[in-house]
Number of protein chains: 2
Amino acid sequence: MRALHADTGYLLYRLGLRSGQLFNSFLQESGLRLRHYAVLRLLATTPGALQRELSASLGYDPSAIVGLVDDLEKLGFAERRPSPDDRRSRIIVLTDGGRAFLRDTDEAGQRVTNELVGPLDATEREQLHALLQRVAESGLA
Amino acid sequence: MRALHADTGYLLYRLGLRSGQLFNSFLQESGLRLRHYAVLRLLATTPGALQRELSASLGYDPSAIVGLVDDLEKLGFAERRPSPDDRRSRIIVLTDGGRAFLRDTDEAGQRVTNELVGPLDATEREQLHALLQRVAESGLA
DNA sequence: GAACAATAATTGTCGACGTCAATAGTTGTT
DNA sequence: AACAACTATTGACGTCGACAATTATTGTTC
């Protein structure tokens with residue numbers, strides 16, 4: 001019988017958990033959680049996104065986006081704006097406060113990833129990232 | 001601002017989720033879930049383990065082990081046996097039924113991993129596995 | 001050897017997460 | 001004008017992972 005840790009899928013599952021925990025503990029003081037942070041980061045690179053687009057890009061259920069955007073609005077990190085061509089949709093935009101938050105936490109965020117891939121050198125990290133990216137792209141997205 | 005998917009930590013988190021989902025859907029018909037399967041697989045390679053050891057090896061809270069072993073006992077896949085030298089401990093052993101289950105599902109389990117790392121060829125899969133293993137070992141055993 | 005700390009399993013609680021079903025408002029189609 | 005499709009929202013449910021507290025047992029210390 002193959003050992004459990006010989007299974008790439010199980011390793012991914014375990015490391016995914018650890019990664020999420022590290023991110024959440026880094027975000028703890030700010031009152032946000034990993035999912036909020038993901039939304040913010042995504043908004044930073046796509047100026048104005050419909051909630052439906054956030055849902056598709058992040059893989060979160062549309063109903064989950066609602067609460068996340070609620071929280072971000074309360075903190076002044078994002079805003080809902082009416083869509084000009086479709087009154088069903090809302091356009092979510094990053095506010096200056098949100099942008100500042102991302103700037104201030106960027107370094108700490110990088111520390112998290114560094115801690116995760118600690119034992120790997122620079123080229124190995126790139127290898128790992130490239131492999132993960134290809135795996136991630138295949139399963140939809 | 002770096003894109004979200006440029007973050008190795010986030011990729012790991014996402015792929016970990018997907019991996020867990022795939023495993024769970026593969027196990028669905030058997031009534032087990034990923035964590036039960038992990039216990040079974042671990043028991044298959046270590047003949048007789050204390051619950052405390054299962055907890056340490058798998059990274060699950062001791063309180064989580066209780067329910068998992070309960071379920072496995074109900075299905076006849078594992079048994080609790082009294083420890084001869086410490087009446088607090090129980091030794092968990094795989095039954096013949098559990099062994100048969102692992103044998104029967106082994107192929108399907110491999111399909112899950114194959115589906116996950118689909119776009120990678122054989123050498124790339126080994127590369128990925130080796131990198132993940134080193135990352136996994138660093139953050140504690 | 002009696003009091004005390006440490007340990008193994010257990011129970012209960014809690015928040016976060018992911019999924020699904022249902023609804024209201026709006027748009028597109030026939 | 002009637003109907004189907006879509007967007008955001010609300011609500012419910014089960015799983016998962018982390019923690020505190022309890023019970024039974026063992027080890028340690030005075």
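All values reported here derive from a predicted model rather than from experimental measurement. A note on names: the letters A, B, ... follow the listed sequences, proteins ahead of strands, and every chain is numbered from 1.
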Nearest-nucleotide pick for A/Tyr13, side chain only, options being D/dC16, C/dC17, D/dT7: D/dC16
Spacing between B/Leu17 atom CG and C/dA16 atom P, to the nearest angstrom: 16 Å
Along DNA chain D (nearest heavy atom to each residue), the more 5'-positioned of B/Gly59 and A/Pro62: A/Pro62
Closest listed nucleotide, where the reference is the side chain of B/Arg52 and the choices are C/dA8, C/dC17, D/dT7: C/dA8
Candidate nucleotides C/dA21, D/dC16, D/dA24, ranked by approach to the side chain of B/Arg88 - the nearest: D/dA24
Residue whose closest nucleotide on DNA chain C lies nearer the 5' end, A/Leu68 versus A/Asp85: A/Leu68
Shortest side-chain distance from B/Arg87, nucleotide among D/dT26, C/dC17, D/dA8: D/dT26
Salt bridge (charged side-chain N to carboxylate O under 4.0 Å, His left out) contacts touching residues 55-78 of chain B (sequence neighbours left out): B/Asp70-B/Arg80, B/Glu73-B/Arg80
Spacing of A/Glu53 atom CD relative to D/dC6 atom P, expressed in whole Å: 15 Å
Derivation of the salt bridge (Lys or Arg N to Asp or Glu O under 4.0 Å) call for A/Arg111 and A/Glu107: CA-CA 6 Å; A/Arg111 265 204 303 272; A/Glu107 189 206 345; 3.3 Å; yes
Sugar-phosphate, base or nothing in reach of A/Asp86, heavy atoms under 4.0 Å: sugar-phosphate
Minimum-distance nucleotide to B/Arg90 side chain [options: C/dC20, C/dT10, C/dT26]: C/dT10
4.5 Å side-chain heavy-atom contact, A/Arg125 and B/Thr8: no
B/Asn24 CG - D/dG14 C1' separation (whole Å): 12 Å
d(CZ, B/Phe23; P, D/dC16) in whole Å: 14 Å
Length of the CD-C1' vector between B/Glu73 and C/dT10, whole Å: 14 Å
Whole-Å distance separating the CD atom of A/Gln28 from the C1' atom of C/dG15: 12 Å
Of the listed nucleotides D/dT10, D/dC16, D/dT7, the one nearest the side chain of A/Asp70: D/dT10
Derivation of the side chain to side chain donor-acceptor pair (under 3.5 Å) call for B/Asp106 and B/Gln110: CA-CA 6 Å; B/Asp106 185 60; B/Gln110 294 195 22; 3.3 Å; yes
Atom-to-atom span, CD of B/Gln51 to P of D/dA24 - whole angstrom: 17 Å
Of the listed nucleotides C/dG12, C/dT19, C/dA8, the one nearest the side chain of B/Ser63: C/dG12
Integer-rounded Å distance: C/dC14 C1' and B/Asp61 CG: 13 Å
Co-membership, hydrophobic cluster, residues B/Leu50 and B/Val66, 4.5 Å side-chain: no
Non-hydrogen side-chain atoms of A/Leu58 and B/Leu4 separated by less than 4.5 Å: yes
Given DNA chain C, 5'-ward residue of the pair B/Val69 and A/Tyr60, judged by closest heavy atom: B/Val69
Any B/Arg80 side-chain nitrogen or oxygen under 4.0 Å from OP1 or OP2 of C/dT10: yes
DNA chain D: 5'-proximal contact among A/Gln21 and A/Ile65 (nearest heavy atom): A/Ile65
